[in-house]
Amino acid sequence: FERGPDVSFANCGLPYYLGGEIAERAKLLVVKPELLRQRFRLDVRTLSSIEAIDRTQKTVRVREIATGREYDERYDKLILATGAAPFKPELPGIGLEGVFTLRNLEDTDRIKAKLDSGVTHAVLMGGGFIGLELAENMVRLGIKTTLVEKNEQLLMPFDKEMTAPLVAELARRGVRVVFGESAERFEAKGSSLEVVLSSGERLPCELAILGIGVRPENHLAVAAGLAVGARGGVKVDSQMRTAGPDIYAVGDMIEVTDTVTGDLTQVPLAGPANRQGRIAADNIAGRESSYRGTQGTAILGFFGITLAVTGCNERTLRRANRPFQKAYIHPMNHAGYYPGAEGMSLKLLFA
């Protein structure tokens with residue numbers, strides 16, 4: 001069951017389609033329902049929203065979005081993979097035309113239509129991976145761009161000094177970065193907008209996109225009485241089983257164990273979600289399989305600069321009271337005598 005029209009699309013490609021780097025929208029569709037039906041004989045039902053879970057009867061309540069018809073479908077095993085939704089704070093004016101979040105192809109189509117109507121200035125709220133990928137593609141389109149980040153650094157999974165080359169490249173590309181600020185409200189100004197920051201500064205624009213984090217889409221699980229953690233992630237064991245008999249959960253909606261600290265956390269990344277889905281399927285099919293935790297490996301490209309991180313940063317280790325040492329090295333990316341070698345910086349935290 002899928003609430004939207006698409007079952008599998010390239011989430012990570014959405015900013016690059018907006019910027020024209022990916023020219024064809026169809027390229028974003030990884031797998032279409034027809035292929036799943038033909039190759040795997042799956043009963044794929046798109047535009048079908050699951051409204052409730054009845055654990056006693058082992059049924060789900062399905063609503064067909066096109067018709068409004070509702071019916072119950074029985075399950076032997078149930079996998080929840082509802083993901084995480086962009087965080088959208090209740091700010092004045094957040095529902096105005098021109099204010100967007102980016103999660104799926106429908107969001108992408110709305111933003112693309114806005115871009116095609118003529119945008120000269122964009123404001124991006126949040127200096128995480130999506131915000132920076134959008135910044136690159138706004139620059140590619142020739143749009144004056146301001147990036148607003150409430151923390152004092154970009155890309156919070158990194159240590160601050162490792163993001164310095166990115167800050168310099170943003171400035172070189174004409175992107176203004178505002179640290180230590182957040183949006184207080186959005187105001188309509190004719191056909192345009194103003195983003196009013198916590199300092200009172202007003203940023204005029206035609207397009208504002210929020211990329212300030214995600215929250216687990218857990219309402220089904222909570223309504224069904226499944227256990228969730230302090231930040232809303234559904235609790236599962238190493239076989240991806242929830243507290244409910246025959247109910248599994250995977251992906252951005254669940255809590256995972258940090259492989260370094262052993263703490264419970266949430267890491268909304270595609271790689272872990274993919275693996276968790278396969279592990280849940282293995283266990284349902286009688287093949288014992290376990291998830292061993294998440295390292296949080298992530299990679300970002302920005303105009304030829306590549307930043308990558310895995311494991312914990314200094315801030316996380318200090319919070320966990322884990323002693324550590326650190327080392328920096330600045331080698332070439334391959335042997336210096338071979339043409340094309342470029343410098344890189346590596347930071348290692350170790351115990």
Side-chain angles (χ1 to χ4, degrees), residues 1-11 29-65 70-85 103-104 214-229 231-257 264-294:
F1 295 96
E2 166 56 44
R3 186 171 55 198
D6 308 301
V7 292
S8 181
F9 57 91
N11 308 60
L29 295 169
V30 179
V31 177
K32 296 181 180 179
E34 294 76 19
L35 179 67
L36 296 176
R37 293 182 184 118
Q38 292 166 10
R39 183 175 294 178
F40 301 111
R41 297 182 184 176
L42 294 181
D43 180 358
V44 180
R45 304 185 200 179
T46 55
L47 297 173
S48 297
S49 176
I50 301 299
E51 301 295 301
I53 301 165
D54 187 327
R55 288 168 52 182
T56 304
Q57 299 297 320
K58 295 186 77 171
T59 60
V60 292
R61 166 63 50 153
V62 186
R63 178 172 59 87
E64 292 179 345
I65 290 173
E70 294 193 3
Y71 62 94
D72 290 333
E73 186 72 33
R74 189 183 174 281
Y75 66 83
D76 296 308
K77 308 285 184 181
L78 176 65
I79 303 179
L80 302 177
T82 50
R103 182 188 190 187
N104 53 36
V214 296
R215 299 291 184 271
E217 195 157 304
N218 64 7
H219 61 276
L220 274 175
V222 171
L226 302 179
V228 299
R231 297 175 60 194
V234 177
K235 290 184 173 292
V236 295
D237 64 16
S238 62
Q239 281 76 46
M240 318 315 300
R241 297 185 188 93
T242 70
D246 298 316
I247 301 179
Y248 296 71
V250 299
D252 296 355
M253 69 180 300
I254 69 166
E255 274 190 343
V256 294
T257 301
L264 291 172
T265 185
Q266 285 165 225
V267 184
L269 290 171
N274 190 304
R275 185 178 297 275
Q276 291 155 13
R278 294 172 187 275
I279 287 171
D282 278 348
N283 284 293
I284 285 171
R287 177 181 178 183
E288 191 172 323
S289 184
S290 297
Y291 189 68
R292 294 180 293 172
T294 299

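Because only heavy atoms are used, hydrogens play no part in the values below, and waters and symmetry mates are left out as well, while side chains stay in.
Remark: Ile79 CD1 to Arg241 CZ distance equals 11.5 Å, nearest 0.5 Å. Once rounded to the nearest 0.5 Å, the distance linking CD of Glu70 with OG of Ser49 reads 9.0 Å. Interatomic distance, CZ of Arg61 versus CD1 of Ile53, reported as 13.5 Å (0.5 Å rounding). The distance from atom CG of Asn274 to atom CG of Leu269, rounded to the nearest 0.5 Å, is 12.0 Å. Note that the NZ atom of Lys32 and the CZ atom of Arg37 stand 12.5 Å from one another [nearest 0.5 Å]. To the nearest 0.5 Å, atom CG of residue Leu47 and atom CZ of residue Arg3 are 11.0 Å apart.
One N or O on the side chain of Arg55 and one on the backbone of Ala224 form a donor-acceptor pair closer than 3.5 Å.
More than 12 heavy atoms of other shown residues, nucleotides or ligands fall within 6.0 angstrom of atom CD in Glu34. Open room surrounds CZ on Arg275; 12 or fewer heavy atoms of other groups in view lie less than 6.0 Å from it.
Taking the side chain as every heavy atom from C-beta outward, Asp6 and Asn104 never approach each other to under 4.5 Å. For the pair Gln276 and Tyr248, the minimum side-chain heavy-atom distance is 4.5 Å or more. Using a 4.5 Å heavy-atom threshold, the side chains of Asp76 and Asp246 count as separate. At a threshold of 4.5 Å between non-hydrogen side-chain atoms, the residues Leu78 and Val60 count as touching. Annotation: side chain of Met240 is not in contact with side chain of Asn283 (no heavy-atom distance under 4.5 Å). Inter-residue side-chain proximity for Ile50 and Thr82 is flagged as unmet; no heavy-atom pair is nearer than 4.5 Å. By the 4.5 Å heavy-atom criterion applied to side chains, Ile247 and Leu80 are counted as neighbours.
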Full working for side chain to side chain contact (heavy atoms under 4.5 Å, CB included) between Leu264 and Thr257
CA-CA 5 Å; Leu264 291 172; Thr257 301; 3.8 Å; yes

Is there a side chain to side chain contact (heavy atoms under 4.5 Å, CB included) between Gln266 and Val214 once you walk through the steps?
CA-CA 10 Å; Gln266 285 165 225; Val214 296; over 6 Å; no

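Across all their heavy atoms, Val228 and Lys235 have their closest contact at O-CE, 3.9 Å. Nearest heavy-atom pair across Ala221 and Val234 is CB-CG2, 3.7 Å. Considering every non-hydrogen atom in both Glu217 and Met253, the closest pair reads O-CE, 3.9 Å. Closest heavy-atom contact between Leu226 and Ala243: CD2-C, 4.4 Å. Closest approach of Ala81 to Val250, counting heavy atoms only: CB-CG2, 3.7 Å. A pairwise comparison of heavy atoms in Glu73 and Phe1 identifies CG-CZ, 3.9 Å as the closest pair.
Ionic pairing of Arg74 and Asp72 is not present here: no N-O contact between side-chain nitrogen and carboxylate oxygen is shorter than 4.0 angstrom.
Side-chain atoms of Ser290 and Gln239 form a donor-acceptor pair, as typed in the model, at a separation below 3.5 Å.
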